[in-house]
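Take a look at the structure set out below.
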Amino acid sequence: MNNKIKTICVFASSSFGIDKKYFSAAKELGIEIAKNHYNIVYGGSNCGLMGEVTSAAKQNGSKITGVMPEKLHNLGINHGDCTEFILTKGMRERKAKMDELSEALIALPGGFGTLEELSEMLVQKQLNYSNKPIVLLNTDGFYDSLIKFFDEIIYKNFASKNSKELYCAAKTPKDALLYIDNYEFKQTNYITEKLLIKS
């Protein structure tokens, strides 16, 4: 276990209408997180992959902190297996609180919400507001197209060459935790003068 990291922020789909292989990987991740003695902060719902990963982690000893906006809570969305539950005014406050309470991030397969959350954390790290390990759990190649798009962004100079170091794509939950366990904190310049200053 990386002694500097206690809590992992998990972004994931809240959908039940997805292939069972994603649920299997989410459950395995929850077990691995607990086995490695990490806790979880997440979006607070017991739906879809969010519920699967947190349920497995809690059953195996992890503390689960859920963070949910009041609007979603008022719709009656269940917060399931939370050890601690925090309400926020809106989505921006929710993301800020999840960021504040965690030292690492794993993005499971998900939809627009997961993509929006992941993008914000990548930019936070790119601009050196954060230096957390960011892992894309690339179950069955789910993130292959997104990673290819990231490569295109870099290739066409919309981001610096070392932006590939912003994240790690892991094929399995064990690979994801191995990356976090061995992560070394360092300040890296992901913005170059070439991108910012007109020559």
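Residue numbers start at 1 and run along the sequence shown.
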Problem set entry | Any donor-acceptor N/O pair, Tyr143 side chain to Leu108 backbone, under 3.5 Å |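 Yes; judged by distance alone, with no hydrogens or angles, the pair exists.
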Exercise. Looking only at atom types and distance, does a side-chain atom of Asn60 sit under 3.5 Å from a main-chain N or O of Ala34, one as donor and one as acceptor?
Worked result: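 Side chain of Asn60 to backbone of Ala34: no pair is present.
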Problem set entry | All side-chain contact (heavy atoms from CB on, under 4.5 Å) counterparts of Asp99, not counting sequence neighbours |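 Only Met121, Gln124, Lys132 meet the side-chain contact (heavy atoms from CB on, under 4.5 Å) criterion with Asp99.
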Problem set entry | Non-neighbouring partners of Glu103 that pass side-chain contact (heavy atoms from CB on, under 4.5 Å), sequence neighbours left out |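 Listed in chain order: Ile5, Lys6, Thr7.
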Could I get the full list of side-chain hydrogen bond (donor to acceptor under 3.5 Å, both in side chains) partners for [X], not counting sequence neighbours?
X      : result
Lys164 : Asp151
Glu184 : none
Glu116 : Lys95
Lys63  : none

Exercise. Can you tell which of Ile64, Ile40, Val53 makes a side chain to side chain contact (heavy atoms under 4.5 Å, CB included) with Lys58?
Worked result: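 Running side chain to side chain contact (heavy atoms under 4.5 Å, CB included) over Ile64, Ile40, Val53 with Lys58 returns exactly one hit, Ile64.
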Exercise. What about Leu105 and Ile86, same hydrophobic cluster or not, with Ile/Leu/Val/Met/Phe/Trp/Tyr joined at side-chain heavy-atom distances under 4.5 Å?
Worked result: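 Yes, it is one cluster - the side chains of Leu105 and Ile86 are joined through contacts under 4.5 Å.
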Exercise. Taking the six-membered ring for Trp, are Phe142 and Tyr22 parallel (under 30°), tilted (30 to 60°) or perpendicular (over 60°)?
Worked result: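 Perpendicular.
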For this session: Say whether Ser24 and Glu28, considering side chains only, have a donor N or O and an acceptor N or O under 3.5 Å apart.
Result: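 Per modelled atom types, Ser24 and Glu28 side chains form no pair under 3.5 Å.
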